[in-house]
Trainee: 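Structure in structure tokens, see below.
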Amino acid sequence: MGTALLVVVVSLWLTLLSPFGYTPPEGLPPIPDGETHEVFVYGTLRHPIVRRVVIGRRGDVRPAILVGFRRRWLNIEPASGGHVGGMILKVSSEELRRLDRYERLGIRYERVRRELRDGSNAWVYRRMSP
């Protein structure tokens with residue numbers, strides 16, 4: 001294994017799977033076990049290899065569009081008439097916790113419910129304001 005690949009693998013493990021590096025802030029609502037959640041993904045989580053590393057599987061996805069926003073780098077921001085293309089990823093409660101860890105919920109991103117163009121609702125991660 002090349003040195004660069006080893007560095008990437010170790011970095012991903014530390015960030016996503018290790019017990020180090022992220023402690024959820026107090027006050028986040030609990031995620032009840034045994035539920036299925038739909039998450040709108042529009043950045044790195046569109047890639048199957050990233051989903052496999054983060055949640056442990058590629059996951060089934062379908063195309064989706066978030067209206068009233070525009071994408072700005074790894075974030076979305078409100079934009080009248082705007083839209084962001086992405087995918088809906090169905091996840092378990094445990095997988096949602098893994099996504100929260102990946103997105104650093106409560107530190108870097110917030111998870112909010114938003115309506116999509118087709119009228120369905122999904123969780124969306126938005127960068128928190130400084």
Side-chain angles (χ1 to χ4, degrees):
M1 184 182 303
T3 304
L5 182 56
L6 181 61
V7 168
V8 168
V9 169
V10 169
S11 296
L12 286 173
W13 181 83
L14 284 170
T15 303
L16 305 174
L17 303 173
S18 80
F20 313 107
Y22 174 70
T23 302
E26 290 186 29
L28 292 179
I31 299 170
D33 289 326
E35 295 185 0
T36 301
H37 307 270
E38 292 194 338
V39 181
F40 177 78
V41 297
Y42 58 90
T44 59
L45 288 165
R46 291 178 301 153
H47 305 287
I49 189 69
V50 176
R51 293 192 305 271
R52 175 161 304 280
V53 170
V54 175
I55 66 170
R57 63 185 180 90
R58 291 175 47 125
D60 296 325
V61 295
R62 65 178 164 80
I65 296 176
L66 177 66
V67 293
F69 288 85
R70 69 177 176 179
R71 185 171 169 189
R72 187 172 182 110
W73 185 235
L74 292 177
N75 191 23
I76 55 171
E77 57 188 31
S80 179
H83 68 277
V84 177
M87 299 178 223
I88 291 296
L89 173 64
K90 286 190 177 188
V91 298
S92 68
S93 295
E94 179 56 34
E95 291 168 334
L96 186 61
R97 288 184 198 99
R98 287 179 175 226
L99 291 172
D100 286 353
R101 178 183 183 83
Y102 176 69
E103 299 292 3
R104 299 297 197 247
L105 183 69
I107 296 172
R108 187 172 55 194
Y109 283 88
E110 63 181 342
R111 181 170 32 88
V112 294
R113 301 283 298 169
R114 291 291 180 257
E115 185 174 337
L116 305 174
R117 178 177 281 170
D118 67 3
S120 66
N121 285 287
W123 289 116
V124 178
Y125 290 94
R126 288 189 50 198
R127 189 109 170 138
M128 295 175 66
S129 301

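These numbers come from the heavy atoms of this one structure, side chains and all, not from hydrogens, waters or symmetry mates. We're numbering straight along the sequence, starting at 1.
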Trainee: Show your working on side chain to side chain contact (heavy atoms under 4.5 Å, CB included) between Tyr42 and Arg71 and close with a plain yes or no.
Mentor: CA-CA 8 Å; Tyr42 58 90; Arg71 185 171 169 189; 4.1 Å; yes
Trainee: Is there a chain of hydrophobic side chains (I, L, V, M, F, W, Y, each step under 4.5 Å between heavy atoms) that links Tyr125 to Ile65?
Mentor: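 Looking at the clustering, Ile65 is in a separate group from Tyr125.
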Trainee: State, with a plain yes or no, whether a side-chain heavy atom of Leu105 is found less than 4.5 Å away from one of Pro24.
Mentor: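 They are not in side-chain contact.
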Trainee: Hey, quick one: are Val91 and Leu28 part of the same hydrophobic cluster, counting side-chain heavy atoms closer than 4.5 Å, chains of contacts allowed?
Mentor: yes
Trainee: For residues 32-41, which residue pairs qualify under side-chain hydrogen bond (donor to acceptor under 3.5 Å, both in side chains), counting only residues two or more places apart or in two chains?
Mentor: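 Counting only pairs at least two positions apart or across chains, the side-chain hydrogen bond (donor to acceptor under 3.5 Å, both in side chains) contacts touching residues 32-41 are Asp33-Arg97, His37-Ser93, Glu38-Arg62.
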Trainee: For a quick check under 3.5 Å, do Tyr109 and Asp100 share a side-chain donor-acceptor pair by atom type?
Mentor: no
Trainee: So how far is it from Glu110 CD to Trp123 CH2, rounded to the nearest 0.5 Å?
Mentor: 10.5 Å
Trainee: If you compare all heavy atoms of Arg126 against all heavy atoms of Arg114, which two are closest, and at what distance to 0.1 Å?
Mentor: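 Closest approach of Arg126 to Arg114: NH1-NH2, 3.7 Å.
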Trainee: Can you confirm whether more than 12 heavy atoms, excluding those of Arg72, are under 6.0 Å from its CZ atom?
Mentor: no
Trainee: Out of curiosity, Ile31 CD1 to Leu99 CG, how far, rounded to the nearest 0.5 Å?
Mentor: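 Answer for the CD1-CG pair, Ile31 versus Leu99, is 9.0 Å.
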Trainee: Specify the closest pair of heavy atoms between Phe40 and Ala64, including all atoms of both residues, with the distance to one decimal.
Mentor: CE1-O, 3.7 Å
Trainee: Can you give me every donor-acceptor pair (side chain of residues 74-89, partner residue at least two apart or in another chain, under 3.5 Å) with its distance?
Mentor:
unit_1, atom_1, unit_2, atom_2, d
Asn75, OD1, Arg127, N, 2.9
Glu77, OE2, Arg70, NE, 2.6
Glu77, OE2, Arg70, NH2, 2.4

Trainee: Just jot down the side-chain contact (heavy atoms from CB on, under 4.5 Å) partners of Pro29, sequence neighbours excluded, or say none.
Mentor: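 Once residues adjacent in sequence are excluded, Pro29 has no partner under the side-chain contact (heavy atoms from CB on, under 4.5 Å) criterion.
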Trainee: Can you give each donor-acceptor pair under 3.5 Å made by side-chain atoms of residues 48-55, sequence neighbours left out, with the distance rounded to 0.1 Å?
Mentor:
unit_1, atom_1, unit_2, atom_2, d
Arg51, NE, Arg58, O, 2.5
Arg51, NH1, Leu45, O, 3.0
Arg51, NH1, Arg46, O, 2.8
Arg51, NH2, Arg58, O, 3.3

